[in-house]
Amino acid sequence: MRPQKLDRQSIENALSGLSGWTLRDDGEAILKTFKFKNFVEAFGFMTRSALHAEKLDHHPEWFNVYSKVDVTLSTHDAGGLTELDFKLAQLMDSVAV
């Protein structure tokens, strides 16, 4: 079953339960920059996150330079944000240690 795009109120409610994530200006994605001590920690975070993403069959857009990972989450098939994006955001936060 195809994920359903969330309405604005559902997005705001879900976003309020996350720390450091922001809504992109167009309202179609959430964004966060993760900062680590070095490249190895950043890469470890990406590896742990990738395992969760694969289990969800929902993959982030991300960009890594040295100790920083910029993440954008959106469900392209739904044309915006779905519950999958917020679930992956929570999982990413949980492995960012």
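All values reported here derive from a predicted model rather than from experimental measurement.
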Within this structure, what is the NE2-CG distance for the pair His58 and Asp77, rounded to the nearest 0.5 Å?
9.5 Å
Using a 4.5 Å cut-off on heavy atoms from C-beta on, say whether the side chain of Ile30 contacts that of Leu81.
yes
Which pair of non-hydrogen atoms, one from Ile11 and one from Gly27, has the smallest distance, and what is that distance?
CD1-O, 4.2 Å
Parallel, tilted or perpendicular, judged at 30° and 60°: which one describes the rings of Phe34 and Phe36?
parallel
Working to the nearest 0.5 Å, report the span between CD of Gln4 and OG1 of Thr75.
10.5 Å
All heavy atoms of Leu88 vs all of Ser49, minimum pair found to be CD1-O, 4.5 Å
Main-chain N/O of Leu91 paired to Ser94 side chain as donor or acceptor, under 3.5 Å:
yes
Out of Val71, Thr72, Leu73, which residue meets the side chain to side chain contact (heavy atoms under 4.5 Å, CB included) rule with Trp62?
Val71
Please check if Leu56 and Val69 belong to a single hydrophobic cluster, counting links between Ile, Leu, Val, Met, Phe, Trp and Tyr side chain heavy atoms closer than 4.5 Å.
yes
Provide the closest heavy-atom pair for Leu23 versus Ala29 in the form atom of the first, atom of the second, distance.
CD1-O, 3.5 Å
Show every side chain to side chain donor-acceptor pair (under 3.5 Å) that has at least one partner inside residues 21-34, sequence neighbours left out.
Lys5-Glu28, Trp21-Asp93, Arg24-Asp26, Lys32-Asp93, Thr33-Asp70
Say whether, by atom type as modelled, one donor and one acceptor occur between the side chain of Gln9 and the main chain of Asp7 under 3.5 angstrom.
no
Using side-chain heavy atoms (C-beta onward) and a distance below 4.5 Å, is Glu54 in contact with His59?
yes
Around atom CD of Glu41, are there more than 12 heavy atoms from other residues, nucleotides or ligands closer than 6.0 Å?
yes
Main-chain N/O of Leu6 paired with Ser10 side-chain donor or acceptor, under 3.5 Å
no
Same cluster or not: are Leu18 and Met92 linked, directly or through other Ile, Leu, Val, Met, Phe, Trp or Tyr residues, by side-chain heavy atoms under 4.5 angstrom apart?
yes
Side-chain heavy atoms nearer than 4.5 Å, only ILVMFWY residues, links allowed to pass through others: does that put Val95 and Phe86 together?
yes
Determine yes or no for a side-chain-to-main-chain donor-acceptor pair under 3.5 angstrom, with Asp85 supplying the side chain and Thr82 the backbone.
yes
Which is it for Phe63 and Lys68 under the side-chain contact (heavy atoms from CB on, under 4.5 Å) test, yes or no, and what are the steps along the way?
CA-CA 8 Å; Phe63 182 74; Lys68 184 175 82 165; 6.0 Å; no
Is a side-chain N or O of Ser74 found less than 3.5 angstrom from the main chain of His76, in a donor-acceptor match?
no
Count the heavy atoms of every other residue, nucleotide or ligand shown that sit under 6.0 Å from CD of Glu12, and state whether that count exceeds 12.
yes
Would you say Asn38's side chain and Ala42's backbone share a donor-acceptor pair under 3.5 angstrom?
no
